[in-house]
Amino acid sequence: MATQLIRAQVMLDPEDYRRLQALANEAGKSLSETLREAVLRFLDEQERQKQEQLRKALAEMRQIRKQNAARYGVYKGDLVNEAREERERQMEDVWKQWS
């Protein structure tokens with residue numbers, strides 16, 4: 001392996017250890033290599049599930065947006081600039097009060 005490895009101690013149930021050692025032997029690999037591969041697969045699966053959850057959330061948000069657009073229509077204004085202008089007006093009013 002090209003990267004530096006860090007030693008970690010793992011406690012396993014005896015039966016799990018036996019099964020893992022048997023898998024390593026069948027594959028002609030060390031127990032450590034087999035564990036690293038298992039950890040990598042687990043981490044990849046966790047990341048895949050996280051990405052899938054995000055995709056589902058985005059799909060739900062798109063559906064809500066579509067429903068709201070059908071129900072209320074689409075606002076044609078520029079909310080960011082309108083909010084910025086309103087804030088500037090408010091600040092001008094405050095400055096006028098203090099001047």
Side-chain angles (χ1 to χ4, degrees):
M1 237 179 194
T3 59
Q4 181 182 358
L5 299 177
I6 298 172
R7 182 177 299 275
Q9 184 174 348
V10 178
M11 303 296 290
L12 298 172
D13 179 272
E15 179 60 18
D16 293 340
Y17 177 82
R18 185 198 61 75
R19 292 173 62 199
L20 190 59
Q21 186 66 60
L23 282 174
N25 291 340
E26 288 174 16
K29 299 177 182 177
S30 69
L31 181 64
S32 294
E33 187 176 1
T34 304
L35 274 170
R36 285 191 296 271
E37 289 175 358
V39 167
L40 184 59
R41 285 186 189 136
F42 173 79
L43 293 173
D44 287 346
E45 177 61 20
Q46 293 299 305
E47 183 63 27
R48 189 196 65 73
Q49 287 178 7
K50 185 178 180 181
Q51 292 297 321
E52 183 62 28
Q53 287 175 338
L54 291 173
R55 279 192 283 281
K56 286 181 181 179
L58 284 173
E60 289 176 24
M61 290 173 67
R62 286 187 191 105
Q63 184 62 31
I64 291 169
R65 185 177 183 192
K66 187 186 281 187
Q67 290 170 348
N68 284 340
R71 185 174 182 182
Y72 302 110
V74 177
Y75 184 71
K76 303 292 184 190
D78 184 351
L79 288 175
V80 173
N81 280 330
E82 290 173 15
R84 186 175 292 130
E85 290 169 1
E86 175 64 22
R87 178 70 178 142
E88 288 174 3
R89 281 193 295 276
Q90 290 173 349
M91 291 187 67
E92 285 177 16
D93 290 344
V94 169
W95 279 107
K96 287 178 186 176
Q97 290 176 355
W98 291 93
S99 298

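Excluded from the calculations below are hydrogen atoms, water molecules and symmetry mates; all remaining heavy atoms, backbone and side chain alike, are included.
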**Prompt:** Measuring from L58:CG to K56:NZ, what's the distance to the nearest 0.5 Å?
**Reply:** 13.0 Å
**Request:** Assess whether salt bridge (charged side-chain N to carboxylate O under 4.0 Å, His left out) is satisfied between R36 and E33, documenting all intermediate values.
**Result:** CA-CA 5 Å; R36 285 191 296 271; E33 187 176 1; 5.2 Å; no
**Request:** Measure the spacing between CG of L20 and CG of L35 and express it to the nearest 0.5 Å.
**Result:** 4.5 Å
**R48 CZ to E52 CD distance, which is reported to the nearest 0.5 Å** = 6.5 Å
**side-chain contact (heavy atoms from CB on, under 4.5 Å) evaluation trace for Q51 with R55** = CA-CA 6 Å; Q51 292 297 321; R55 279 192 283 281; 3.9 Å; yes
**Message:** Once side chain to side chain contact (heavy atoms under 4.5 Å, CB included) is applied, do any residues pair with Q53, and if so which ones, sequence neighbours excluded?
**Reply:** none
**Prompt:** For the residue pair S30 and A24, what are the closest heavy atoms and their distance?
**Reply:** O-CB, 3.8 Å
**Message:** Testing the 3.5 Å rule here: is there a donor-acceptor pair between the side chains of N81 and E85?
**Reply:** no
**Request:** Can you sort out the partners of R89 under salt bridge (Lys or Arg N to Asp or Glu O under 4.0 Å), two or more places apart, ordered by chain and number?
**Result:** E86
**Message:** For E26, give me all partners under side chain to side chain contact (heavy atoms under 4.5 Å, CB included), at least two apart in sequence or on another chain.
**Reply:** L23
**side chain to side chain donor-acceptor pair (under 3.5 Å) partners for R19, two or more places apart** = none
**Request:** With Q21 as reference, evaluate L31, D16, L12 under the side-chain contact (heavy atoms from CB on, under 4.5 Å) test and give the passing residue.
**Result:** L31
**Fill in**
Here the side-chain hydrogen bond (donor to acceptor under 3.5 Å, both in side chains) pairs for residues 61-74, sequence neighbours left out, are none
**Request:** Output the distance between atom CD (E82) and atom CG (L79), rounded to the nearest 0.5 Å.
**Result:** 5.5 Å
**Counterpart residues, salt bridge (Lys or Arg N to Asp or Glu O under 4.0 Å), relative to R41 (two or more places apart)** = none
**Prompt:** V94, M91: one ILVMFWY side-chain cluster at the under-4.5 Å cut-off?
**Reply:** no
